[in-house]
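Beneath this line is the structure, given in structure tokens, with notes to follow.
A quick note: this is a predicted structure, and the numbers were derived from the prediction, not measured.
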Amino acid sequence: MKRFDRPVLGFLARSEMQAILEAPDPRTWAGQRGRTLFSLMYNTGARVSEVIGLRVGDVVIDDTMAAHLHGKGRKERSVPLWRSTASLVRGWKHRLEGAGDDRFLFPSRGGERMARSSVTQRLNLAVSAAAQHHPQLARLSISPHTVRHTTAMHLLQSGVDITVIALWLGHESPATTHMYLEADLSMRERTLDRLQPIGASLGRYRPPGPADEIPSEPLNYVQFVGLKNTGASALVVLSSASCA
């Protein structure tokens, strides 16, 4: 399949993602777990296997506020948390009533590792609830991996460098992350086509040059500060000051 014939990756608008995050009822045990779980997934772009494998001690909510994820090939990466996410995790840890650092952060009712199917089921419930105010969600096929795609696309649209997104998601190479750049360019191209005057010759979208890649306005999602990669472990260092 040619590059320009590839379908655009399924991801959610910010308002849609926010509605899903706020759908679980925090007054219930399962609802508070779901709200914290989905917020952490969106914040970190974690795979389902990574997030359900988190232990209480893997998520730091003190000064550093970061989640230490254990990814594929026994590789680890640390992703910073927004203050809002850290607050949810703090409240959830309190509800776990002093669980030790080695206990699962998102356990089943029996205290065991949460099943992948349970994550999907809870997400489907959240999507159904959110669809009451965003009817278009009911027509979409949304899975936990959609949340991961959404994280990547929102980072990209906010001006975060593709190499940083690769480390954020735990990709071995930025080449894997390139599909998000292609999807973003495909959307821009379709928008450009709709803006063409009648009878105009439609040309392919040409990505901006180096001088145009940095947005003129402050990033409203995350601001790149630095990056550290040390072999099997990667630390994504970003400023979360604008992500409250």
Side-chain angles (χ1 to χ4, degrees), residues 10-62 65-69 79-154 220-222 240 243-244:
F11 72 99
L12 303 169
R14 293 173 190 258
S15 59
E16 295 171 338
M17 189 70 245
Q18 189 65 31
I20 292 173
L21 296 180
E22 295 176 351
D25 184 355
R27 295 171 296 181
T28 67
W29 187 89
Q32 186 176 6
R33 182 189 63 178
R35 182 173 287 208
T36 308
L37 171 68
F38 301 145
S39 295
L40 193 63
M41 288 173 60
Y42 175 55
N43 186 155
T44 64
R47 304 175 178 91
V48 175
S49 59
E50 294 171 339
V51 76
I52 62 177
L54 281 172
R55 307 280 178 164
V56 172
D58 289 332
V59 181
V60 181
I61 52 177
D62 296 327
M65 296 195 302
H68 304 294
L69 301 170
V79 180
L81 300 180
W82 307 319
R83 288 189 294 271
S84 57
T85 306
S87 178
L88 288 172
V89 172
R90 185 177 294 107
W92 175 241
K93 283 188 174 184
H94 180 74
R95 193 154 191 166
L96 292 179
E97 298 180 352
D101 286 350
D102 61 336
R103 302 297 297 272
F104 287 112
L105 180 63
F106 299 110
S108 64
R109 283 288 188 179
E112 302 300 321
R113 179 188 177 113
M114 190 177 182
R116 297 174 64 100
S117 58
S118 295
V119 177
T120 301
Q121 180 187 41
R122 301 309 302 188
L123 179 61
N124 288 340
L125 290 174
V127 171
S128 296
Q132 296 179 16
H133 301 288
H134 296 267
Q136 71 277 12
L137 290 174
R139 300 189 297 271
L140 302 178
S141 177
I142 300 173
S143 69
H145 215 65
T146 305
V147 179
R148 181 171 162 85
H149 288 326
T150 299
T151 301
M153 290 299 291
H154 289 180
N220 58 7
Y221 187 81
V222 65
S240 56
C243 304

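Between Gly31 and Pro24 the shortest heavy-atom distance is O-CB, 3.2 Å. The two atoms that bring Ala30 and Arg109 nearest to each other are N-NH2, 4.1 Å, heavy atoms only. Residues Ala99 and Val56 come closest through the heavy atom pair O-CG1, 4.1 Å. For Trp29 against Ser108, the heavy-atom pair with the smallest separation is CH2-O, 3.8 Å.
With a 4.5 Å cut-off on side-chain heavy atoms, Ile52 and Phe106 do not count as touching.
The environment of Glu112 atom CD is sparse: at most 12 non-hydrogen atoms of other residues, nucleotides or ligands sit within 6.0 angstrom.
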Can you list, pair by pair, the side-chain donor-acceptor contacts under 3.5 Å of residues 118-130, counting residues two or more places apart and other chains?
from: Thr120; atom 1: OG1; to: Arg116; atom 2: O; distance (Å): 3.4
from: Asn124; atom 1: ND2; to: Thr120; atom 2: O; distance (Å): 3.3
from: Ser128; atom 1: OG; to: Asn124; atom 2: O; distance (Å): 3.0

- Passes side chain to side chain contact (heavy atoms under 4.5 Å, CB included), Asp58 versus Leu105? Steps please. CA-CA 8 Å; Asp58 289 332; Leu105 180 63; over 6 Å; no

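Every residue meeting the side-chain contact (heavy atoms from CB on, under 4.5 Å) condition with Ser15, not counting sequence neighbours, appears here in chain and number order: Ala13, His134. Not counting sequence neighbours, the partners of Leu12 by the side-chain contact (heavy atoms from CB on, under 4.5 Å) test are Glu16, Met17, Ile20, Leu137, Leu140, Ile142, Thr146, Thr150.
Considering Leu81, Val59, Leu54, Val147 in turn, Leu81 is the only one that fulfils the side chain to side chain contact (heavy atoms under 4.5 Å, CB included) rule with Thr44.
Under the salt bridge (charged side-chain N to carboxylate O under 4.0 Å, His left out) criterion, the residue pairs touching residues 39-56 are Arg47-Glu50, Glu50-Arg77, with sequence neighbours excluded. Identified under the side-chain hydrogen bond (donor to acceptor under 3.5 Å, both in side chains) test for residues 85-106, with sequence neighbours left out: Gln32-Arg95, Asn43-Thr85. Each salt bridge (charged side-chain N to carboxylate O under 4.0 Å, His left out) pair with one or both residues in residues 23-46, not counting sequence neighbours, appears once here: Asp25-Arg27.
The distance from atom CG of Leu37 to atom CG of Leu88, rounded to the nearest 0.5 Å, is 11.0 Å. Atom CZ of Arg148 and atom OG of Ser143 lie 11.5 Å apart (nearest 0.5 Å).
Thr151 contributes a side-chain N or O that, together with a main-chain N or O of Tyr42, makes up a donor-acceptor pair within less than 3.5 Å.
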